[in-house]
Each structure stands twice: as structure tokens, then as C-alpha cells.
Amino acid sequence: VTHAYNIQHTLIVGGGLAGLFCALKLSPHPVTVLTSAPIGEGASSAWAQGGIAAAVSEGDSWESHLADTMQAGAGTVDEKIASLMVREARDRVQDLLEIGVPFDRDSKGALTFSREAAHSARRVIHVDGDRAGKAIMEALIAKVRQTPSITVLEGFVAESLIAEGKKVKGVVARPLSGKASETLAFYASDTVLTTGGVGGLYAVTTNPPEARGIGLALAAQAGAILADCEFVQFHPTALNAGRDPAPLLTEALRGEGALLIDVHGKRIMEGLHPDMELAPRDIVARAVHRASLSPEGAYLDARQVVGEAFPEKFPTVFAACQSVGIDPRIEIIPVAPAAHYHMGGVLTDADGRTSLDHLWAAGEVASTGAHGANRLASNSLLEAVVFAARIADSIRKYNPRPPVMRPLILEAFHESGDDPDAASIKRLRILMSKMMGVERNRSQLQMALSELSQIEAGAFTQNARNMAASAMLMTASALMREESRGGHYRSDFPEPDPMQAKRSFITLGRARLFARSFQQSTQSADVAI
Ligand SMILES: Cc1cc2nc3c(=O)[nH]c(=O)nc-3n(C[C@H](O)[C@H](O)[C@H](O)COP(=O)(O)OP(=O)(O)OC[C@H]3O[C@@H](n4cnc5c(N)ncnc54)[C@H](O)[C@@H]3O)c2cc1C
């Protein structure tokens, strides 16, 4: 460590919805937000299209939202946690309105709601059709910039936690978006991880590149318990035209009646599920996965149902298609499933506490148990705000007198440059998509584990070691669950096993032990790059 800073107050790692909302809720308590990308960039939050689920429309109820959440979660939702989440939705939506989020309203000024898959009511509030995430983040960023208790340090990549026994005392980070030779230690009273998801560990993902699952490695290396790491939700319809990340073709398109077809126009979902295109996400993802690997391919056809209305009704999707030379008004769109959302993460309790002292986690990096084995659409933004607020309340409660703010002024900037681990990271991402993707089996997972531990051992940078550690935690968890449930599909165990209808827990020690046991016995994985 080249420099050490004793900030004495709360440090939030990550500047997406969970991080910024927690910072605002902590105000006037001083807080420093440390983030790899400038706030508003490099965060899935800003890319969310559909919106935020909240049972606040007339005729809807939190009980119904809870029932839908439990149903989607495929038997492993923590009911107490999910119930907290749906009941607190109303207050958190009120907070977002007060912060200035311009949710869509009808001519009488009432909020409007859209319906998404597996919701039994219209309950997703949105902005300008598909711009919810961007609008929410813009409003939060404006508020953060006006809040004197919040210091934002942009361009710093957290690489490890500082811990003494079970007590977490801050983080070590590298400036210049992780490219500088020096590292900085930030000592804090409390550390809140809000580093987002794991999509960037996959070759095909809808997540921004900053979502590389680093938060999992950070917590696990300090000894924290992680939960449900095998459960990854794959979005069935990402634009399959070579862009990385792969642009998302929102589910609302299928809601409008867009069809999944092969190149000859044959319906892909025919005979697979009575709800066809609107079947549960994991079923559609598997069908699209298989079709996209076949010579006939997988396509989304929205020519009839959206057609000329594309630019106005789905501006984000329209722009993405145009960027690769496809006109969705008159052409079919090639699709493939993409790693989209991680149900697992750092185990937290109802207040966002992890198994380590003074370490908290919220948003996608956390595993609260609210999503079980499969997340209900638009519950993730809700989970991020509900538990970020709970963390802020808890920190304020046991720390009633705010410490004095001593703003830290440090500047880092983005710099492009060669990553000595670029080839290993590419290999890791392909490995995850092929072996730990929509369908898994024992031999693939064993090979992946063995390869991942080699990538970890050969990495030049801490960032690549962290990616490999996170990938190992997920792969070992997938190997241990010998059944199929929610986002976890084992082709060698294709049915759910009632005996395994419970959450899974793992530590890095256990994952490494597992990896080592296969390393000796497995040949190098045959993964074409
Ligand atoms: C395309 C897309 C559409 C989606 N649509 C919806 C939707 O409509 N509704 C819904 O509920 N959910 C949706 N989701 C999921 C939802 O957006 C995310 O789960 C949620 O935004 C996660 O918020 P977060 O604050 O936890 O993480 P993020 O918003 O991803 O923020 C993570 C932050 O951590 C920073 N960071 C990461 N690693 C480090 C590190 N090592 N050091 C420092 N900083 C770091 C990043 O730069 C970023 O600032 C969508 C996701 C995607 C990708």
C-alpha cells in the first residue's frame, strides 16, 4: 500500500443505485463513495429498462407481490425477507419521487404501471417507456452532487478488504480505474459493498464491463459467507450481433406479442410451454440457447406487433438494433441468452449485515434471500433501495452522533492501456459462458473449476485474481447443487429435488478445496477461444 487515508466514517464501494441511495439515506452522516467508473456509468442501474416493481396501484397488494416473488423464486425464497421488501416498496417509491425521479403518469397525474412476466398485476413503474434506470440514476446523481455529506471518489477499483479477524476496517483500492502501480488504503468505520453483479465474468452478458463480481471475491477473501452463488438469471433475448456487452431486447417486446422464431419462421417455443414466448425466463432462455446454437438460429420477430412504432415505443432497443445495421421495423432480430442477473452474492441479514463485522452489502452483490432461485422481473431495483435504506438506518442507529466530515479530495481518471491479463480474462469469460452458462453438467463444471484455479494462480493483477475467485465460488456452488431449480439448470440432474429446496452457502476456503480436488484429476478444458 502506497498511501493510507483514515476517513473514519462510512465507506460505500460502488456508485450504482444501491450505493448512491444508501449514501443519500445516511445523510447528514458523512460518507465516501468509492467507485470504479464515474457515477452513472459502469452501473447496471443506469441500464435498467423496465422499471421498479411496487404494489402501489389500486387493487394491487403487497401480499400478491409477495406471492409472485415466492412463486418465481422456485422454492428457496426467504419469506421474511421478501415480505419486508415488498411491504417497504411504497415508502421507497415515495423517497424516489421526493428525490425527483420523473416516473410516468397519466393525464390525471397518477402513476402508470406496466405488467411484466410472472407478475399477477400491473405493478412496474417506469420512465419514458424503457428509460427507468437512466432517469432514476440522473435524479440520484443530481441529489448526491448537492449533498455536502457525500464525497465521491471516481476511478478507483477496490481490490481487497482490510480486515482484522472478523472486523472489516476498510478497503485497498487502485486508482486510474485499477491501472496505477500504487494502491491506496481507506480506513473506514463501516464498509458497504454495492459493487453490483457478475455478468462481466461471462462472454455474453447484458451487464456493463464493471460488473465483474469483484465484490464477491472481496468479501470472500476476508472470510465472509456467500449464498446462492449458483443462481444466475440469463436473459432470453439479448441482441446476438457481436456487441459486448450484448444489448438487451426488453421482455416487454414479447409482452407486446413479438415471436421467437428460427430463420425459417418456425416458432421456437412450440411444444415447450403453453405460455410460449411468455413462459418463465429460464425456460425461454434454454429454448433460445439451444436454438441459437443450431444452424437455424434464434430470432425475435416484432415486425407485426411493433413495426413502425419502434422508434417511439422502444427507443433503446431501436437504437441498439440500428447500431448493428438491423432495422427491427422490417427485419427479424438475432437473439441469444445473456448472463443478466445474479441471485446469489454476499450473505446478508434483514438489515444488510454480512457475516463479518462492520461489513454490509446491498444491491446485486448481496444475497438477501428475497429472490430465491430466480428473480421476479423488476424486483432487483426494489431490493437495492429497500436494503440500502435498511443499512443506512442501522448504521445511524448504532452511531447516533454523526462523525465530523473530513472530505477527501483525490482525483483519479480513466486510462486505457494494455491489461496483462487480457487473454486470461477472455478465456475466463468464454469458460463461464460455455461451462457455467444456461446449461451445466458435472464434467463441465469440474473442468471449469480446474481451469479457473489455474487462471487465478497465473494472474498478474489482483483484479484478474478477484474475477477468478468469484467465478470459482459460483462454479463450486453449481457443482454442489445436483438438481435443477430456477436459474440453475443441470443437464445431468434436470429435475428439481425437494430435498435440495433450500439456500446454499459457501466460503472461499470450501470452493478452493473443491477446485483443488479436481485439479489433479482433470485434463485442461477443451475450450476454443
Ligand atoms: C440491461 C439491464 C436491464 C435491467 N433492467 C432491470 C429492470 O428493468 N428492473 C430491475 O429491477 N432490474 C433490472 N436490471 C437489474 C438491475 O439493473 C441491477 O440488478 C441493479 O441496478 C444493481 O444495482 P447495484 O447498485 O447493486 O449495482 P450497479 O448499478 O451495477 O452498480 C455497481 C457499482 O459498483 C462499481 N464497482 C464495481 N466493482 C467495483 C470495484 N471493484 N471497486 C469500485 N467500484 C466498483 C461500478 O462501477 C458501479 O458504480 C437490469 C440489468 C441490466 C444489465
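Hydrogens, waters and symmetry mates play no part in the numbers below; they use all other heavy atoms, side chains included. In this text, all values refer to a predicted model and were calculated from it rather than measured experimentally. Every number for a ligand or one of its atoms is a count from 1 in the order of the listing.
Proximity of Ala48 to ligand 1, defined as any heavy-atom pair under 4.0 Å, is shared by backbone and side chain alike. The parts of Thr35 lying near ligand 1 are both backbone and side chain, judged by heavy-atom distances below 4.0 Å. Residue contacts with ligand 1 for Phe156 involve N, CA, C or O but no side-chain atom from C-beta outward (heavy atoms, distance under 4.0 Å). When non-hydrogen atoms are compared, ligand 1 lies under 4.0 Å from the backbone of Val157 as well as from its side chain. With a 4.0 Å cut-off on non-hydrogen atoms, Arg375 touches ligand 1 through its side chain and not its backbone.
Each of the atoms 25 (O), 29 (O) of ligand 1 lies under 4.0 Å from some heavy atom of Leu17. Every atom of ligand 1 is numbered from 1 in the order shown, and the set under 4.0 Å from a heavy atom of Glu210 is 37 (C), 38 (N), 47 (O). Counting atoms of ligand 1 from 1 in the listed order, those under 4.0 Å from a heavy atom of Thr194 are 32 (C), 33 (C), 34 (O). Every atom of ligand 1 is numbered from 1 in the order shown, and the set under 4.0 Å from a heavy atom of Ala158 is 40 (C), 41 (N), 42 (N), 43 (C).
For the residue pair Gln462 and Ser160, no side-chain donor N or O sits within less than 3.5 Å of a side-chain acceptor on the partner. In summary, the side chains of Glu159 and Asn466 do not present any donor paired with an acceptor at a separation below 3.5 Å, with no hydrogens or angles considered.
For His371 and Phe231, the gap between ring centers reaches or exceeds 6.0 Å.
Between the choices Ser44, Ala362, Pro247, the shortest heavy-atom distance to atom 17 (O) of ligand 1 belongs to Ser44. By heavy-atom distance, the residue among Gly19, Gly16, Gly51, Ala252 lying nearest atom 7 (C) of ligand 1 is Gly51.
Using modelled atom types, no side-chain atom of His9 and backbone atom of Ser189 make a donor-acceptor pair closer than 3.5 Å.
Using a non-hydrogen distance threshold of 4.0 Å, His340 registers as a contact of ligand 1. Using a 4.0 Å cutoff on heavy atoms, Ser378 counts as a contact of ligand 1.
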